[in-house]
Amino acid sequence: MQHTRLRFPPSPTGYLHIGGARTALYNWLFVKKTGGRLVLRIEDTDADRSTEESISGIIEGLEWLGIDWDEGPYFQSDFSADHRRAAEKLLQEGKAYHCFCTREELEQKREAALAAKQNVGYDGTCRELGEAQVEAKLQAGTPAVIRFKVPERQGKIGYDDKVLGRIESSYNEIDDFVIVRSNGSPLYLLCNVVDDIRDRISHVVRGQDHMTNTMKQLLLYEALEAPVPVFAHMPLTLDTKKAKISKRSHGEIVAVEFYRDHGFLPWAFNNFLVLLGWSPGDDREIFSKEELIEAFSLDRINKSASIFNYRKGDPKFFTDPKAIAINEHYLRTMAVEELAPLVKEVLIDDGLWHNDYDTGLRQWFFDTIDLIRSRFHVLTDFASMGRAYFSDEFEIEEKPLNKNLLKHPGLKQWLPELADDYERLSDFSVEETERLARACAERVGVKPGVVINGMRTVVTGQLAGPSMFDVLVTIGQQNVVTRLRKTPQLFP
RNA sequence: GUCCCCAUCGUCUAGUCAGGUCCAGGACACCGGCCUUUCACGCCGGCAACACCGGUUCAAAUCCGGUUGGGGACGCCA
């Protein structure tokens, strides 16, 4: 096979959402798999809607995901001369024509057709205009768009889709479509093809919502006498109500940056995304980058749409449970050395970072991460639920406060007493701290759990956590003593 | 209204092309148990699906037809 060349062509009219990210990922995987090249092309021909902010957001999103490209970013607007030249060529060769129908006329016809339950679509009014008529209107300065003239042929046009198989459509089902606006600027259908030809794109991997565009673009490739790339149409991602996910109706929950800001691991998110419409054919679900590239193939992409299982207002899952599960899996199984830099960023953001964690306390930092990570879902949990490990200023949660502390008024005395015992300890170890805690419980006549969980509340502010004595040793003798002595302050 | 695509547990899916090994496998979620000072992790177990109707066949989740359902497109957006 010749070198594969693929492209990711976002339109910069909003943030990078999960549908776009998944498209980018599939393109990227296929490129890596085949040793090809990925082109990033910003399709900014809609000047009214394109923004700088969106461009940088999309690029940041791709960078966060680790989806890199080999060429670009190219900007479609830089190639408008190419697009115009192509349109001119089609006009010259009689493969396109000027259309003088106004927006208003078209809109009226469209609505009338819809109302009468008739077929909507361009009726070809200007298709057969005589040369003289056209010339006259043009001379008079009548605004005109350029429409592609769909060949009058019997039969069907089609292509072999890599995921869907043979796809065909009758020529007469395809309307003459606009390729250049009346203000002279070329439109998507044309630009996209001209750019793909120039960029020598070999495979077009995009959503199934482009299937009708593909039929039209096939005609453009033919008219422009260029080889047709391989097409692969990916299934769409729908919401739980089976509507196409979009920025407009779903907001930040479908934005890639939301997942970055909520403590997702970039690769875990890719791993989740790839499974939305693709599987390796066996039971594997967790892949390293290398494994996924090796396993990926276009023909194992699903045909049917998948649902992004986000349930608004769900108290337990703030996004698709599977996405969280995959993130958790990585969070607790990846090498601590790889996780630590990501935790560091989160701690820095929350003002909890100490430079010692990179030097003298490096091993302590690693051990602490390892100790607490099995209960966490996302990176930001290290700064919230894990706050007491990195700072003396943390909140005592209400539930453990009531259940594990206030319910046992004796703890007001017992815990400071235990603090005294701990302070005298020359060997502040798991074994010794446990021995003294149990002795304390026995002395005052309560179950060890009362003392232990009371201590957990005071020392970590949390209802649950790792083995308490591991926690004590991790947090350190002096801090533990200080925190235990503050116990009375927590009682009303 | 027209055209196109799709259809297996609640969700992501394996199995469909080459029909039998599938009274349908895995994962997430959920439920139960073990572990335990708590909560997790981990481990064990459970619940749960071939949309429907016909046809072909000794045999259909798998092939064919239809029905229903869902999605997409039909823009001087991309």
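By convention in this document, chain letters (A, B, ...) are assigned in the order of the sequence lines, proteins followed by strands, and residues within each chain are numbered from 1. All figures in this text were calculated on a predicted structure; none of them were measured in a lab.
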Applying side-chain hydrogen bond (donor to acceptor under 3.5 Å, both in side chains) between A:Asn192 and each of A:His210, A:His83, A:Glu43, report the one that passes. A:Glu43
For nucleotides B:C64 and B:C28, find the distance between their P atoms and express it as a whole number of Å. 35 Å
Classify the nucleic acid contact of A:Arg206 as base, sugar-phosphate or nothing, counting any heavy atom under 4.0 Å across all strands shown. nothing
Would you measure the distance from the C1' atom in B:C63 across to the matching atom in B:A18 and give it in whole Å? 12 Å
Polar atoms only, N or O, under 3.5 Å: list the protein pairs with nucleotides 28-35 of chain B and their distances.
{"unit_1": "B:C30", "atom_1": "OP1", "unit_2": "A:Lys316", "atom_2": "NZ", "d": "2.2"}

Return the NZ to CE distance between A:Lys216 and A:Met211, rounded to the nearest 0.5 Å. 13.5 Å
Strictly below 4.0 Å, heavy-atom distances to any atom of RNA chain B: list the hits from residues 431-443 of chain A, or just say none. A:Arg438
Under a 3.5 Å limit for both distances, which nucleotide forms a Watson-Crick or G-U wobble pair with B:C9, could you say? none
Which whole number of Å gives the distance between the P atom of B:G10 and that of B:G72? 22 Å
Taking the P atom of each, how far is B:A24 from B:U56, in whole Å? 27 Å
Could you verify whether a donor N or O on one side chain and an acceptor N or O on the other, from A:His250 and A:Asp239, lie under 3.5 Å apart? yes
Just compare B:C5, B:U37, B:C12 and give me whichever is closest to any side-chain atom of A:Leu164. B:C5
In the structure shown, which nucleotide is the Watson-Crick or G-U wobble counterpart of B:G20, with both distances under 3.5 Å? B:C58
Is B:A73 paired to anything, Watson-Crick or G-U wobble with both distances less than 3.5 Å, and if yes, which nucleotide? B:U2
With rounding to whole Å, what would you report as the distance between B:G45 and B:U8 at their P atoms? 28 Å
Indicate for each nucleotide in nucleotides 67-78 of chain B, in 5' to 3' sequence, whether protein heavy atoms under 4.0 Å reach the base (B), only the sugar-phosphate (S), or nothing (-). ---SSSSBSBBB
Under a 4.5 Å cut-off applied to non-hydrogen side-chain atoms, are A:Trp69 and A:Asn27 in contact? no
Closest heavy-atom contact between A:Thr487 and A:Leu411? CG2-O, 3.8 Å
Above 12 or not: heavy atoms from other molecules or residues under 6.0 Å from CD of A:Glu291? yes
Base of B:U11 paired with side chain of A:Ser306 (donor-acceptor, under 3.5 Å): no
In Watson-Crick or G-U wobble terms, both distances under 3.5 Å, what is the partner of B:G45? B:C31
Examine A:Arg22 relative to A:Tyr26 and say whether NZ or CZ is less than 6.0 Å from the centre of the six-membered ring and inside a 45° cone about the ring axis. yes
